[in-house]
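Below, chain A is the first sequence line, B the second, and so on; all start at residue 1. Just so it is clear, the values below take in all heavy atoms, side chains as well, and ignore hydrogens, waters and symmetry mates.
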Protein chains: 2
Amino acid sequence: MEFKDNIPIYLQIEQYLYRQIALGKMKAGEKIPSVRKLALELTVNVNTVQRALQQMNDQGILYTKRGEGNFVTEDIELLAKTKQTLIDNQLDEFVQNMAKLGVERDSLVTVLEKYLKESEE
Amino acid sequence: MEFKDNIPIYLQIEQYLYRQIALGKMKAGEKIPSVRKLALELTVNVNTVQRALQQMNDQGILYTKRGEGNFVTEDIELLAKTKQTLIDNQLDEFVQNMAKLGVERDSLVTVLEKYLKESEE
DNA sequence: TTAGCTGTATTACATATCTATTACACTCAT
DNA sequence: ATGAGTGTAATAGATATGTAATACAGCTAA
């Protein structure tokens, strides 16, 4: 996996895993790959993977069975809410960033439509 | 100014200055505050400001008169193009991030409209 | 019980970022 | 010429991030 510079890798891994869940590629109760496999896949150190997982553990998205592995929570509501939060965060950020560039709320839809039309291919 | 953790401050300052330009608060040919003033304003070290300015210098947005200060380029076209690029980058990122969360291109406008309506107040 | 898989912890090292401090170089108004 | 304002450079120290290597601890299947 290619990581952006200037953003900690462990955060990018966390984001990656969150997206896997949002996309339904990791489902409730499922075991996720071991820290060592993930470290290999992502060409990153075990400790860095570990750090990402710890945070998701704290947030209840994953739970750990020591000696067995990490598993996606079985709390379906939490998963759904998490996905929605991820989407809402993107929307928040988008609206805020555009405002900081002088693009008003009212023109956002128009701007987006134009952009989508022009980048069709 | 409040800075996000996890993103280098000098990048956030650079972004801040770009936005000032996009908003027209810093106009072509104008002198910008001295590195020491900016450092005070932003409660940050002079070196950190310096680092942000160097990059903008390299990109031609600013030019330096040693002993006098830093000035916004007089190249109006470049300024306009820069603003447009900033906006396009936000759109790019938004579309890509939403895709990574499973929100398709076709539904983006609808999702945005709904979001804007619901967050009115 | 043992082998091989899990997660976890610790240590040491390298690099990037940021601060603080000091010094230097240039320009302009006086 | 001098002083006050500019940008620039260099050093030292603190903290965060990431790697590498090693060791430990728990689970499961053979």
Nearest whole Å is fine: how far is [N] [atom2] from [X] [atom1]?
X: B:L62; N: D:dG7; atom1: CG; atom2: C1'; value: 13 Å
X: A:Y63; N: C:dG7; atom1: OH; atom2: C1'; value: 15 Å
X: A:L53; N: C:dA9; atom1: CG; atom2: C1'; value: 15 Å
X: A:Q54; N: D:dT17; atom1: CD; atom2: P; value: 13 Å
X: A:D5; N: C:dA16; atom1: CG; atom2: P; value: 9 Å
X: B:L38; N: D:dT8; atom1: CG; atom2: P; value: 13 Å
X: A:F71; N: C:dT6; atom1: CZ; atom2: C1'; value: 9 Å
X: A:Q50; N: D:dT17; atom1: CD; atom2: C1'; value: 16 Å

State which residue, out of B:L17, B:I21, B:N70, fulfils the side-chain contact (heavy atoms from CB on, under 4.5 Å) condition with B:I61.
B:I21
With sequence neighbours left out, write down each residue that passes side chain to side chain donor-acceptor pair (under 3.5 Å) with B:E93, or none if nothing qualifies.
none
For A:K65, all residues meeting side-chain contact (heavy atoms from CB on, under 4.5 Å), sequence neighbours excluded
A:Y63, A:E68, A:F71
Please check this pair: side chain of A:Q90 against backbone of A:I87, looking for a donor-acceptor N/O pair closer than 3.5 Å.
no
So does B:L40 get a backbone contact from the side chain of B:T43, meaning a donor-acceptor N/O pair under 3.5 Å?
no
Reading 5' to 3' through nucleotides 17-30 of chain C, protein heavy-atom contacts under 4.0 Å coded B for base, S for sugar-phosphate only, - for none
SSBBB-B-SBSS--
Can a side chain N or O of A:S34 be found less than 4.0 Å away from OP1 or OP2 on C:dT6?
yes
Return yes if a side-chain donor-acceptor contact under 3.5 Å exists between A:Y10 and A:Q15, otherwise no.
no
